[in-house]
Asks: 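Quick one: the structure is below, questions incoming.
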Amino acid sequence: MIVAMETDDEILATRDVMRQFRPHVTPEEYLPTVRRMMCTDSFRLAAVVEAGVVHAVAGYRCIEMLYCGRILVIDDLVTDARSRSRGHGKTLIAWLAAEAQRHGCTQLHLDSRVHREQAHRFYIREGFAITCFHFAMVVGDGRA
């Protein structure tokens with residue numbers, strides 16, 4: 001079952017799985033960071049939960065851009081290492097596509113680091129296309 005994770009307890013239930021993908025976010029920083037992003041950037045969390053166990057997590061937001069209109073951007077998509085190859089990622093992608101439509105979005109977007117070839121194969125299999133390059137530049141000391 002896909003659950004929108006909104007309460008502090010629900011958000012904290014996603015922490016261990018999310019930290020497999022984002023280990024630089026400390027356990028102590030996780031809840032306040034997610035809460036801040038929810039307040040300032042319309043960030044949302046959804047998770048595949050079965051019998052109280054989180055198997056996969058997605059962090060996402062809906063935005064509008066001049067070049068493509070209203071889109072749902074997937075910031076994070078991770079399946080617990082112990083639960084991989086059971087269809088949880090596919091289930092989340094399908095749910096996110098429906099969520100995009102519910103919010104008037106016409107596309108799903110995500111960035112994936114160039115070295116994540118296994119993830120790229122998964123995204124292409126799920127219907128994503130590689131449509132552009134994403135450029136980034138560190139400014140100042142690189143800390144917010």
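Remember, predicted model here, so these are calculated numbers, not experimental data. FYI, side chains are in, hydrogens and waters are out, and symmetry mates aren't considered; it's all heavy atoms of this structure.
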Asks: Are side-chain N/O atoms of H55 and D80 paired as donor and acceptor at under 3.5 Å?
Replies: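 Checked: H55/D80 side chains show no N/O donor-acceptor pair below 3.5 Å.
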Asks: Quick check for you: to the nearest 0.5 Å, what is the distance between R70 atom CZ and T106 atom OG1?
Replies: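 Answer for the CZ-OG1 pair, R70 versus T106, is 10.0 Å.
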Asks: Do V34 and M18 have side chains that approach each other closer than 4.5 Å (heavy atoms only, starting at C-beta)?
Replies: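 Result no, sub-4.5 Å side-chain heavy-atom pair not found.
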Asks: Got a second to check how far E99's CD is from L92's CG, nearest 0.5 Å?
Replies: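 Here the interatomic distance stands at 11.0 Å.
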Asks: Can you name the residues that form a salt bridge (Lys or Arg N to Asp or Glu O under 4.0 Å) with R113, not counting sequence neighbours?
Replies: none
Asks: A quick test of your reading: do over 12 heavy atoms of other residues, nucleotides or ligands sit less than 6.0 Å from CZ of R82?
Replies: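 No, the 6.0 Å shell around CZ holds no more than 12 heavy atoms from other groups.
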Asks: Please tell me if the side chains of L96 and I74 come closer than 4.5 Å, counting only heavy atoms from C-beta onward.
Replies: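 Yes; the side chains approach each other to less than 4.5 Å.
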Asks: According to the side-chain hydrogen bond (donor to acceptor under 3.5 Å, both in side chains) rule, which pairs have a member within residues 7-17, sequence neighbours left out?
Replies: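 Checked against side-chain hydrogen bond (donor to acceptor under 3.5 Å, both in side chains) - neighbours excluded - the pairs reaching residues 7-17 are T7-E10, D8-R35, T14-Y30.
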Asks: Is it the case that R44 places NZ or CZ above or below the six-membered ring of W95, under 6.0 angstrom from the centre and within 45 degrees of the axis?
Replies: no
Asks: Once you round to the nearest 0.5 Å, how far does CD of Q107 lie from CD1 of I71?
Replies: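 Answer rounded to 0.5 Å: 6.5 Å.
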Asks: Hey, are the side chains of M37 and S42 touching, using non-hydrogen atoms and a 4.5 Å cut-off?
Replies: no
Asks: Is there a continuous path of hydrophobic side-chain contacts, each under 4.5 Å between heavy atoms, that joins I11 to V3?
Replies: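 Yes, I11 and V3 fall within the same hydrophobic cluster.
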Asks: Please walk me through it: do L72 and I63 pass side chain to side chain contact (heavy atoms under 4.5 Å, CB included)?
Replies: CA-CA 6 Å; L72 187 146; I63 65 172; over 6 Å; no
Asks: Are any of the side-chain heavy atoms of V57 and L45 separated by less than 4.5 Å?
Replies: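 V57 vs L45: side chains touch.
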Asks: Return the CG to OH distance between L77 and Y60, rounded to the nearest 0.5 Å.
Replies: 12.5 Å
Asks: For residues L110 and V73, determine if any side-chain heavy atom of one lies less than 4.5 Å from a side-chain heavy atom of the other.
Replies: no
Asks: First locate atom CE of M38, then atom CE of M5, and finally report the distance between them rounded to the nearest 0.5 Å.
Replies: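 Spacing of CE (M38) from CE (M5) equals 9.5 Å.
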Asks: Considering non-hydrogen atoms only, spot the tightest contact between D75 and R22 and give its length.
Replies: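 Of all heavy-atom pairs spanning D75 and R22, the closest is O-NH2, 2.8 Å.
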Asks: Any pair with a residue in residues 114-135 that passes salt bridge (Lys or Arg N to Asp or Glu O under 4.0 Å), sequence neighbours left out, goes on the list, sorted by first then second residue, please.
Replies: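 Qualifying pairs, neighbours excluded: K90-E126.
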Asks: Atom SG of C62 and atom NE2 of H103: how far apart are they, to the nearest 0.5 Å?
Replies: 5.0 Å
Asks: How close do C68 and H109 get, counting heavy atoms only, and between which atoms?
Replies: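 Here C68 and H109 meet closest at SG-CE1, 4.2 Å.
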Asks: Is a side-chain donor-acceptor pair under 3.5 Å present for S112 with H120?
Replies: yes
Asks: Would V17 and V25 show up in the same hydrophobic cluster when neighbours are defined by side-chain heavy atoms closer than 4.5 Å?
Replies: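 The answer is yes; both residues are in one hydrophobic cluster.
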Asks: Is the backbone N or O of R36 less than 3.5 Å from a side-chain atom of T40, with the two atoms forming a donor-acceptor pair by type?
Replies: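 Yes: the side chain of T40 pairs with the backbone of R36.
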Asks: So which heavy atom on G89 is nearest to which on T79, and how close?
Replies: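 In this case the closest contact between G89 and T79 is N-OG1, 3.9 Å.
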Asks: Kindly give the heavy-atom pair with the smallest separation between V54 and A47, and that separation in Å.
Replies: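 Closest approach of V54 to A47, heavy atoms only: CG1-CB, 4.0 Å.
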Asks: With the side chain counted from C-beta on, respond yes when F43 and T33 share a heavy-atom pair under 4.5 Å apart, and no when they do not.
Replies: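 Not touching, per the 4.5 Å side-chain cut-off.
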Asks: Between M1 and V49, is there a side-chain heavy-atom distance shorter than 4.5 Å?
Replies: no
